[in-house]
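Okay, structure first, notes after.
Throughout, protein chains are lettered first and strands after them, A, B, ... in sequence-line order, and every chain is numbered starting at 1.
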Protein chains: 2
Amino acid sequence: MGAHPLRYRPGMPRNRQDVDRDAKIAEIREAAVGLLRAGGYPALSHSAVAKELGLARTAVAWYFASKDDLFAAALADIYAADLGTPPADGDVMVRLRWAVERLTALQPLTHALHERARHSPAAAELEAALQNSLCTRLRALLAPHVAADRLDRVTTTVVVFVEGLLVQPRTTPDRLGLLEFLVTELIGTPGRS
Amino acid sequence: MGAHPLRYRPGMPRNRQDVDRDAKIAEIREAAVGLLRAGGYPALSHSAVAKELGLARTAVAWYFASKDDLFAAALADIYAADLGTPPADGDVMVRLRWAVERLTALQPLTHALHERARHSPAAAELEAALQNSLCTRLRALLAPHVAADRLDRVTTTVVVFVEGLLVQPRTTPDRLGLLEFLVTELIGTPGRS
DNA sequence: ACCTGAACACCGTTCAAGT
DNA sequence: ACCTGAACACCGTTCAAGT
């Protein structure tokens, strides 16, 4: 699409224009977040956002050209809000449980993200960022309890397992029980090669 | 919708009518299978099937009322064809690898199945059947190598892990390496409580 | 740069009408 | 029972036209 010049109308100060644009984008993202939280990916559409903001359908498309661009932007906001502030205290299992429960609540949206990532670059980018963030955080969490030469594989294994946990709906005790079983199996033997 | 009487036109023998109906349904399922294999869930539609068979859109809907009914029926056929005949020989890892590679090829469709299972009873039913079949088979495969009191948990853990493996696209060596790591971790210590 | 409104080619579902 | 054809209310995307 090419770069947008920072301003268009001569009389308008540069900063003000920027503020306006960012504020509008924020409005759109907020509306999209609301729709996603209420009805998941199917409930999100240019029309629905436009209706909420009193705009034409295509006005939203000016800022987010495709539905998946809009989806990725809104979902990034949701992840930031829901996963951004982990508990400061607590042991490994407490923190792990917190993350898994948060991710469970977002399961349908994460599901849609994986689905769309195969078609949309924006979705693929967010998918990679999420994966990366989860791995990094989990690695730091496990580092004190796992031998250095096993850390990478254990981390990836747990992340993959957690992703698998979210695929099918399960009861909370079920989920947490399975998680605890795996972690103690992998962590409980720090000496093994 | 109510039950369908077995025949309608008086002159038509009961068996013949059944055969016709089953043959038509088989045709529709085959066409749907082709569409799913070629373009995934988005490529499937009543229209597309009807076009291939020279019917009106709504004729297909007579047999499969909703898109998800059609989807579940066709995907069941695909699972039967692709996962129905596992290798007769080989050790645990060989058989596991075979299943994971087959499932990987079907990843996008299984993905769609999980997505739709939340809205469609037919999809939910197939999802449960698949999960059940995988668990049963894996349990039998692992039984000789795992202590009885750990068998259930180990089985579920591996199934969940495999489901997680399929969530994100990975290279084949990556996938198989992770799988081998987990299985040797869980299997290699049969004596532990 | 930003937004509108109309148009295009779909989609799934419903339903009256035929045989 | 089975199938057609028309209708309904959408969808995402494109594009000429306005300011």
Side-chain angles (χ1 to χ4, degrees), chain A residues 1-25 27-28 32 35 39-72 112 115-116 119-120 122-123, chain B residues 1-25 27-28 32 35 39-72 112 115-116 119-120 122-123:
Chain A
M1 220 147 269
H4 297 156
L6 282 180
R7 48 177 174 160
Y8 166 63
R9 278 177 235 175
M12 204 170 247
R14 168 179 174 152
N15 279 345
R16 180 74 179 108
Q17 174 110 6
D18 285 358
V19 168
D20 272 344
R21 181 180 164 84
D22 289 351
K24 282 177 213 159
I25 290 182
E27 258 188 355
I28 293 176
L35 289 164
Y41 185 80
L44 181 66
S45 73
H46 284 141
S47 316
V49 171
K51 200 170 291 174
E52 234 172 71
L53 267 51
L55 295 173
R57 244 186 2 251
T58 47
V60 178
W62 173 258
Y63 296 97
F64 299 94
S66 79
K67 169 169 176 171
D68 286 321
D69 289 336
L70 181 57
F71 171 61
E115 177 82 34
R116 298 314 301 162
H119 309 291
S120 149
Chain B
M1 221 148 272
H4 298 156
L6 283 181
R7 47 177 174 161
Y8 165 63
R9 279 178 236 178
M12 203 169 247
R14 171 178 172 152
N15 278 344
R16 180 77 178 106
Q17 174 111 5
D18 285 359
V19 168
D20 272 344
R21 182 181 163 85
D22 289 352
K24 281 177 212 158
I25 290 181
E27 259 187 355
I28 292 176
L35 289 164
Y41 184 80
L44 181 66
S45 72
H46 284 143
S47 316
V49 171
K51 200 170 292 175
E52 234 173 71
L53 267 49
L55 295 173
R57 250 194 346 260
T58 47
V60 178
W62 172 258
Y63 296 98
F64 299 95
S66 79
K67 167 168 177 172
D68 286 321
D69 289 337
L70 181 56
F71 170 63
E115 177 82 35
R116 298 315 302 161
H119 308 292
S120 149

Candidates C/dC2, D/dG12, C/dT4 - which lies nearest the side chain of A/Ala59: C/dT4

Positions of residues 46-58 of chain A (non-hydrogen atom under 4.0 Å from DNA chain C), listed by number: A/Leu55, A/Ala56, A/Arg57, A/Thr58

All pairs passing salt bridge (Lys or Arg N to Asp or Glu O under 4.0 Å) where residues 53-72 of chain B contributes a residue, at least two apart: B/Asp68-B/Arg116

Spatial distance of atom [atom1] ([X]) from atom [atom2] ([Y]) [nearest 0.5 Å]:
{"X": "B/Trp62", "Y": "B/Lys24", "atom1": "CH2", "atom2": "NZ", "answer": "11.0 Å"}
{"X": "B/Leu55", "Y": "B/Tyr63", "atom1": "CG", "atom2": "OH", "answer": "8.5 Å"}
{"X": "B/Ser120", "Y": "B/Glu115", "atom1": "OG", "atom2": "CD", "answer": "12.0 Å"}

Distance in angstrom units between [X] [atom1] and [N] [atom2], rounded:
{"X": "B/Glu27", "N": "D/dC3", "atom1": "CD", "atom2": "P", "answer": "10 Å"}
{"X": "A/Asp20", "N": "C/dC3", "atom1": "CG", "atom2": "C1'", "answer": "14 Å"}
{"X": "B/Phe64", "N": "D/dC2", "atom1": "CZ", "atom2": "P", "answer": "12 Å"}
{"X": "A/Leu70", "N": "D/dC11", "atom1": "CG", "atom2": "P", "answer": "13 Å"}
{"X": "A/Ile28", "N": "C/dC2", "atom1": "CD1", "atom2": "P", "answer": "11 Å"}
{"X": "A/Phe71", "N": "D/dG12", "atom1": "CZ", "atom2": "C1'", "answer": "16 Å"}
{"X": "B/Asp68", "N": "C/dC11", "atom1": "CG", "atom2": "P", "answer": "15 Å"}
{"X": "A/Lys67", "N": "D/dC10", "atom1": "NZ", "atom2": "P", "answer": "14 Å"}

Any residue meeting side-chain contact (heavy atoms from CB on, under 4.5 Å) with B/Glu27, in chain and number order, not counting sequence neighbours: B/Leu53

With sequence neighbours excluded, residues passing side-chain contact (heavy atoms from CB on, under 4.5 Å) with B/Ala112: B/Tyr41, B/Phe71

Where DNA chain C forms stems, i.e. three or more consecutive Watson-Crick or G-U pairs with both distances under 3.5 Å: C:4-8 with D:12-16, C:12-16 with D:4-8

What are the two closest non-hydrogen atoms of [X] and [Y], and how far apart are they?
{"X": "B/Pro42", "Y": "B/Gly39", "answer": "CD-O, 3.8 Å"}
{"X": "A/Ala48", "Y": "A/Ala43", "answer": "CB-O, 4.0 Å"}
{"X": "A/Ala50", "Y": "A/Ala56", "answer": "CB-O, 3.5 Å"}

A/Trp62 side chain near C/dC2 phosphate (N/O to OP1/OP2, under 4.0 Å): yes

